[in-house]
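Below: the structure, in structure tokens.
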Amino acid sequence: MSEITPSQTVGPFFAYGLTPVGRCDWDPNGTYSWKNSVESNLVTPDVSGTRIRIEGTVFDGDNKPINDCMIEIWQADAQGRYASPGDNRSLPNTQFKGFGRSATDKAGIFAFDTIKPGAVPGPGGKPQAPHIVVAIFSRGMLRQVYTRLYFSDEAANAADPVLGLVPADRRGTLIAHKEGGEPPLYRFNVHMQGDNETVFFEI
């Protein structure tokens with residue numbers, strides 16, 4: 001009898017239509033012949049704020065990298081405003097959309113170039129610490145899962161109303177750790193299962 005392994009169905013699902021450029025390691029040329037509809041570089045010419053880079057690895061339940069995930073992020077700009085009809089405040093960065101997409105490479109690594117978001121209103125108008133919403137699409141799952149990325153150098157994390165809902169011993173799975181560099185690099189790994197499983201939210 002074979003051993004139980006993390007669930008996996010046929011794939012890859014995402015490269016052909018959603019992440020055709022740059023991370024298609026199963027294709028002989030490494031890419032398909034058209035442009036990504038959504039990029040992993042969110043920085044636009046008119047954007048203001050601190051430019052950052054986010055990198056991380058997605059791991060399965062055996063702590064092995066998953067090389068065919070798709071990661072999407074959604075964030076506010078540096079002033080805490082969203083490029084959304086639901087946010088009717090003026091947008092100083094009219095080209096910045098706050099939405100990005102990255103595939104994982106053969107080592108399970110994803111990356112985004114963006115700007116550090118500002119604080120946004122939370123439940124009851126209480127301010128939330130700067131954060132990024134992260135959606136993970138992966139093998140064996142019928143739908144994506146959602147988590148949040150917070151920044152290790154933000155004092156506002158201590159009072160964030162959503163982070164406060166997470167048990168103290170699990171909050172570390174939501175923190176991206178600053179590693180320096182220019183632009184600053186934040187490391188954010190995602191564990192889909194196992195002892196270090198990332199906290200995922202019901203949406």
Side-chain angles (χ1 to χ4, degrees), residues 2-43 51-75 97-116 131-152 170 172-201:
S2 61
E3 295 182 3
I4 296 176
T5 60
S7 59
Q8 180 175 359
T9 56
V10 295
F13 292 106
F14 310 116
Y16 186 77
L18 296 171
T19 56
V21 178
R23 292 179 177 264
C24 305
D25 301 291
W26 42 85
D27 179 81
N29 299 315
T31 63
Y32 293 102
S33 59
W34 57 86
K35 189 176 183 294
N36 289 340
S37 58
V38 179
E39 300 283 352
S40 60
N41 186 348
L42 284 66
V43 179
R51 297 191 180 197
I52 61 172
R53 182 170 177 84
I54 297 166
E55 289 184 6
T57 304
V58 182
F59 295 97
D60 66 17
D62 287 335
N63 207 36
K64 295 179 181 177
I66 303 177
N67 65 359
D68 56 358
C69 279
M70 182 175 75
I71 312 296
E72 293 183 343
I73 63 172
W74 169 242
Q75 67 168 91
K97 301 306 179 187
F99 179 67
R101 179 182 293 149
S102 173
T104 55
D105 64 13
K106 62 183 177 182
I109 297 171
F110 64 91
F112 292 95
D113 293 294
T114 185
I115 54 96
K116 193 173 183 182
H131 67 276
I132 295 175
V133 175
V134 182
I136 303 102
F137 299 74
S138 182
R139 62 175 70 155
M141 302 194 312
L142 296 179
R143 56 171 296 175
Q144 70 271 32
V145 292
Y146 294 92
T147 189
R148 282 187 170 203
L149 180 160
Y150 290 88
F151 300 92
S152 61
R170 302 289 312 286
T173 68
L174 303 179
I175 305 298
H177 293 277
K178 190 175 183 179
E179 296 186 354
E182 187 56 45
L185 171 65
Y186 288 86
R187 181 75 54 190
F188 184 70
N189 293 331
V190 177
H191 293 262
M192 301 303 296
Q193 295 174 306
D195 293 339
N196 298 317
E197 182 178 321
T198 299
V199 170
F200 300 110
F201 294 91

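Keep in mind it's a predicted model, so treat the numbers as computed, not measured. Heavy atoms only: backbone and side chains are in, while hydrogens, waters and symmetry mates are out. We number each residue from 1, following the sequence as shown.
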Give a yes or no answer on whether the side chain of [X] reaches the backbone of [Y] with a donor-acceptor pair at less than 3.5 Å.
| X | Y | value |
| --- | --- | --- |
| T104 | C69 | yes |
| Q75 | T114 | no |
| D60 | D62 | yes |

Side chains of [X] and [Y] in contact at under 4.5 Å (non-hydrogen atoms):
| X | Y | result |
| --- | --- | --- |
| E39 | R101 | no |
| F112 | I73 | yes |
| F99 | E72 | yes |
| E55 | F110 | no |
| M192 | I66 | yes |
| I136 | Y146 | no |

Point-to-point distance, once rounded to the nearest 0.5 Å, from [atom1] of [X] to [atom2] of [Y]:
| X | Y | atom1 | atom2 | answer |
| --- | --- | --- | --- | --- |
| T173 | F200 | OG1 | CZ | 8.0 Å |
| F137 | I71 | CZ | CD1 | 9.0 Å |
| I132 | L174 | CD1 | CG | 13.0 Å |
| S102 | I109 | OG | CD1 | 10.0 Å |
| I54 | L42 | CD1 | CG | 8.5 Å |
| T147 | H131 | OG1 | NE2 | 10.5 Å |

Distance-minimising heavy-atom pair for [X] and [Y]:
| X | Y | answer |
| --- | --- | --- |
| A135 | Q144 | CB-CG, 4.4 Å |
| N63 | F59 | O-CD2, 3.6 Å |
| S40 | A111 | CB-O, 3.4 Å |

Apply side-chain hydrogen bond (donor to acceptor under 3.5 Å, both in side chains) to [X] and list each qualifying residue two or more places apart in sequence or on a separate chain.
| X | value |
| --- | --- |
| T198 | none |
| N189 | none |
| E197 | none |

* Mind checking salt bridge (charged side-chain N to carboxylate O under 4.0 Å, His left out) for E179 and listing every partner two or more places apart, or none if nothing turns up? =>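 If we apply the salt bridge (charged side-chain N to carboxylate O under 4.0 Å, His left out) test to E179, skipping adjacent residues, the hits are R187.
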* Asked: Of all residues at least two apart in sequence or in a different chain, which pass the salt bridge (charged side-chain N to carboxylate O under 4.0 Å, His left out) check with K178?
  ->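 Result, salt bridge (charged side-chain N to carboxylate O under 4.0 Å, His left out) vs K178: D153.
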* Under the side chain to side chain contact (heavy atoms under 4.5 Å, CB included) test, which residues partner N196, sequence neighbours left out? ->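 For N196 the side chain to side chain contact (heavy atoms under 4.5 Å, CB included) partners, ignoring immediate neighbours, are H191.
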* Check: Y186 ring centre within less than 6.0 Å of F151 ring centre -> yes
